[in-house]
Amino acid sequence: MKYISIRGLDKPVSVLMKGTDYFYHDSYEKAAANLDAFLAIGGNSIDTAHIYCGGQSEEVIGRYMQEKGNRDQLVILTKGAHHDQNGPRVNKQDIKSDITMSFERLQTDYIDMYALHRDDPDVPAGEIIEALNEYTSKGSVGAIGVSNWTWERISDANAYAEAHGLTGFSFSSPNLSLAKPNEPFWEGCVSADARTMAWHEAEQFPLLSWSSQARGFFTGRFTPEIRDNADLVRVFYNDDNWQRLERAKQLAATKNVTAIQIALAYVLNQPFPTCALIGAQSAAELQSCDEGSSIQLTKEEIDWLDLTIDQLSSI
């Protein structure tokens, strides 16, 4: 397993991050077994959120850490301040409400990485930094970051933090995958475009990608004629992505791997630190992710997969 460093943490962060939005109390044994298997391959980073499974995801992780006594071995990323039926909740009061509940559910007094799940551009970035620094300053949160924020907002927030001697954001978690979306998955979601990628490279700013494998687009189960998954059709069905899939298949054949492993390797071989959130729920899926995370891609191969060059010398 490979690892990256994130400012604010004294632990390395595994490049594969275990997704937990299927962790429920009534399937605790499955969740625990999945975590055991993930740790066995060297994974240590776990992604959750205040809203996942109505709060059960965090509670299951808390129970698991208590039973295993392994809190110090894990890097927990949880998220809060997601909007609700009344609109945005990115403010000091709602951040406090969500993070307090997350501490209780996780049965811990320390959260390694805390991210805001959504943004509210109407709230000044500096105001948000001030609110989060209440937790970093007392050591109850290690690194702070964001999910589904634009790079411009992150830059503004960090400029404020630097100017005021405060802790700024040290990671971002948008969508990044080889398949490029036609439109956002959900309202308020952000996918990394070319300008975002250029900013991450220039800043060497860690990116933790959700839907890193494009919700199964590269598994081989989908073709332009198979249209029974409305969300996948809406978000990923376009001519360029079918071409990216074909190129992933070609490159996979030369490396004796699968197209979906190439798609994962694409995320993990960017010219800046990256992690990939994975939803592996079976031994076969986890093995595929583990093997995919070790694949090395050259810049030429990435450019070819990205359709920015027409020919690849190795094929």
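Sequential numbering from 1 along the given sequence is applied to the chain's residues.
- Look at Arg71 and Asp112 and you find a salt bridge, because one of the NZ, NE, NH1 or NH2 atoms lies within 4.0 Å of a carboxylate O, short of that distance.
- Between Lys180 and Asp193, no side-chain nitrogen of the basic residue sits less than 4.0 Å from a carboxylate oxygen of the acidic one, so the salt-bridge criterion is not met.
- Shown are Ile154, Leu207, Leu208, Thr150; of these, the side-chain contact (heavy atoms from CB on, under 4.5 Å) with Ser172 is made only by Ile154.
- Taking CZ of Phe38 as the start and CD1 of Ile46 as the end, the distance is 7.0 Å to the nearest 0.5 Å.
- A salt bridge does not link Arg153 with Asp156: every distance from a Lys NZ or Arg NE/NH1/NH2 to an Asp or Glu carboxylate oxygen is 4.0 Å or more.
- Thr167 pairs by the side-chain hydrogen bond (donor to acceptor under 3.5 Å, both in side chains) definition with nothing, not counting sequence neighbours.
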Using residues 270-278 as the side-chain source, report each donor-acceptor pair under 3.5 Å to any protein atom, sequence neighbours left out, with the distance given to one decimal.
| from | atom 1 | to | atom 2 | distance (Å) |
| --- | --- | --- | --- | --- |
| Gln270 | NE2 | Tyr266 | O | 2.9 |
| Thr274 | OG1 | Val267 | O | 2.8 |

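- Between Glu59 and Tyr64, the side chains place no donor N or O within less than 3.5 Å of an acceptor N or O (distance only, hydrogens not considered).
- Ring geometry for Trp199 against Phe205 counts as tilted: the plane angle lies between 30° and 60°, on a 0 to 90° scale.
- Under the 4.0 Å criterion applied to side-chain N and carboxylate O atoms, Lys18 and Asp47 are not assigned as salt-bridge partners.
- At least one side-chain heavy atom of Val257 sits less than 4.5 Å from a side-chain heavy atom of Ile262.
- Classification of the Phe236-Phe217 ring pair by plane angle, with boundaries at 30° and 60°, yields tilted.
- Side-chain contact annotation: Thr78 with Thr48, donor-acceptor N/O pair under 3.5 Å absent.
- No hydrogens or angles considered: a donor-acceptor pair under 3.5 Å links the side chains of Ser102 and Glu58.
- Residues Ile76 and Tyr110 have side chains not in contact (no heavy-atom distance under 4.5 Å, counting atoms from C-beta outward).
- For Arg89 and Asp98, the salt-bridge test passes: some basic side-chain N is under 4.0 Å from an acidic carboxylate O.
- A salt bridge is defined here as a Lys NZ or Arg NE, NH1 or NH2 lying under 4.0 Å from an Asp or Glu carboxylate O, and Lys96 with Glu134 fails to meet this definition.
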